[in-house]
Amino acid sequence: MFDILSVQNKDEQKNYAALCGTEYLADALAYSLTVDGVFAGVCQFRIGAGVGEIVSLDKVASFEGNADGSADQYLAALCRTALSFLELIGITDAVYAGAEKSRALMLMSGFKEAEDGKWRTNLKELFAHCPSEGK
């Protein structure tokens with residue numbers, strides 16, 4: 001079983017970032033990932049003028065997944081939760097601006113590689129089959 005929760009406390013966010021070996025970004029929002037009752041990862045993101053920016057998507061070094069899924073599958077679910085939040089508040093586009101990740105993880109998360117080499121997604125297209133409008 002896994003849980004993805006909004007991080008409401010900046011001290012918790014700082015601790016989660018440290019556990020994942022990534023930089024704590026005080027101006028970013030965050031979601032945490034817990035798998036089988038153990039903290040496993042964090043996603044930090046920012047909201048800009050019409051654009052969301054995933055600035056970190058990291059896991060605890062020892063987390064490799066479990067019988068239900070790989071670490072990348074869990075991280076993709078974590079990232080998609082942040083992207084879904086962005087779409088729900090009316091953001092239409094998002095970019096991945098964090099440390100380099102595998103192509104498979106970026107694709108599972110919903111990003112497409114643009115001509116400039118950056119990973120981008122249109123959130124209306126990504127969530128076209130489960131839109132937030134009308135909920």
Side-chain angles (χ1 to χ4, degrees):
M1 185 170 118
F2 73 101
D3 292 304
I4 297 173
L5 300 171
S6 173
V7 179
Q8 299 293 312
N9 179 294
K10 289 297 180 180
D11 288 332
E12 285 181 19
Q13 182 177 337
K14 186 175 187 177
N15 183 49
Y16 292 154
L19 290 170
C20 292
T22 193
E23 180 182 359
Y24 162 64
L25 303 167
D27 65 331
L29 301 171
Y31 279 96
S32 67
L33 168 68
T34 303
V35 178
D36 299 328
V38 177
F39 173 75
V42 66
C43 177
Q44 297 180 95
F45 61 100
R46 294 185 180 117
I47 301 168
V51 177
E53 181 181 49
I54 304 296
V55 289
S56 78
L57 179 61
D58 297 287
K59 67 178 187 74
V60 174
S62 62
F63 179 66
E64 295 301 325
N66 61 15
D68 295 326
S70 70
D72 276 0
Q73 288 172 312
Y74 282 108
L75 286 176
L78 177 62
C79 186
R80 279 182 172 257
T81 300
L83 294 174
S84 176
F85 171 78
L86 292 168
E87 194 264 341
L88 284 168
I89 63 169
I91 303 296
T92 56
D93 294 293
V95 297
Y96 178 78
E100 187 175 330
K101 302 294 179 199
S102 72
R103 180 174 185 76
L105 175 55
M106 291 291 92
L107 294 172
M108 279 189 284
S109 297
F111 290 99
K112 296 177 184 175
E113 191 170 12
E115 288 182 16
D116 62 5
K118 294 187 178 184
W119 292 97
R120 303 177 187 279
T121 188
N122 177 286
L123 299 173
K124 294 294 181 195
E125 291 176 9
L126 182 62
F127 296 109
H129 297 290
C130 54
S132 62
E133 295 177 14
K135 288 185 182 177

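When side chains are defined from C-beta on, Phe127 counts as touching Leu83, because their heavy atoms get closer than 4.5 Å. A 4.5 Å side-chain heavy-atom check between Met108 and Arg80 finds every atom pair outside the cut-off. Using a 4.5 Å cut-off on side-chain heavy atoms (C-beta onward), Phe111 and Cys79 make contact. Using a 4.5 Å cut-off on side-chain heavy atoms (C-beta onward), Phe2 and Leu78 make no contact. Residues Leu105 and Leu57 meet the side-chain proximity criterion, which asks for heavy atoms closer than 4.5 Å. Two residues are said to be in side-chain contact when any heavy atoms from C-beta on lie closer than 4.5 Å; Leu107 and Arg103 meet this criterion. Looking at heavy atoms from C-beta onward, Arg120 lies out of side-chain contact with Asp93 at the 4.5 angstrom threshold.
Hydrophobic clustering of Ile, Leu, Val, Met, Phe, Trp and Tyr side chains at less than 4.5 Å, counting indirect connections, keeps Leu33 apart from Met1. Grouping the Ile, Leu, Val, Met, Phe, Trp and Tyr side chains by contacts below 4.5 angstrom, directly or via other members, places Val55 apart from Tyr31. Both Phe85 and Trp119 sit in one connected hydrophobic cluster of ILVMFWY residues. Membership requires side-chain heavy atoms under 4.5 Å apart, directly or through other members.
In plain terms, the two heavy atoms of Lys101 and Tyr96 that are nearest each other are CG-OH, 3.3 Å. Contact record, Ser109 with Leu126: O-CD2, 4.3 Å, taken as the closest heavy-atom pair.
The line from CG of Asn9 to OG of Ser32 is 11.5 Å long, rounded to the nearest 0.5 Å. Interatomic distance, Ile91 CD1 to Ser84 OG, rounded to the nearest 0.5 Å: 13.0 Å. Between the OH atom in Tyr74 and the CD1 atom in Ile4 there is a gap of 10.0 Å [rounded to 0.5 Å]. Rounded to the nearest 0.5 angstrom, Leu5 CG and Thr81 OG1 are separated by 9.5 Å. The structure places CD of Glu100 at 9.5 Å from CE of Met106, a figure rounded to the nearest 0.5 Å.
Of the possible donor and acceptor atoms, none in the side chain of Thr22 sits under 3.5 Å from a partner among the backbone N and O of Asp58. No donor-acceptor pair under 3.5 Å is formed between the side chain of Lys118 and the backbone N or O of Ala97. Side-chain atoms of Thr34 do not come within 3.5 Å of backbone N or O of Gly37 as any donor-acceptor pair.
Between Tyr16 and Phe39, the angle of the ring planes stays under 30°, which puts this pair in the parallel group of the 30/60° scheme.
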Kindly list each side-chain donor-acceptor pair under 3.5 angstrom involving residues 41-54, sequence neighbours excluded, with atom names and distances?
unit_1: Gln44; atom_1: OE1; unit_2: Gln13; atom_2: NE2; d: 2.8
unit_1: Gln44; atom_1: OE1; unit_2: Leu25; atom_2: N; d: 3.0
unit_1: Gln44; atom_1: NE2; unit_2: Glu23; atom_2: O; d: 2.9
unit_1: Gln44; atom_1: NE2; unit_2: Ser56; atom_2: OG; d: 2.9
unit_1: Arg46; atom_1: NE; unit_2: Asp27; atom_2: OD1; d: 3.3
unit_1: Arg46; atom_1: NE; unit_2: Asp27; atom_2: OD2; d: 2.9
unit_1: Arg46; atom_1: NH2; unit_2: Asp27; atom_2: OD1; d: 3.2

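In this structure, Lys112 places its NZ atom where only 12 or fewer heavy-atom neighbours from other residues, nucleotides or ligands lie under 6.0 Å away. Annotation: Phe63, atom CZ; neighbour count of heavy atoms from other residues, nucleotides and ligands within 6.0 Å is above 12.
Residues forming a side-chain contact (heavy atoms from CB on, under 4.5 Å) with Asp36 (at least two apart in sequence, or on another chain): Asn66.
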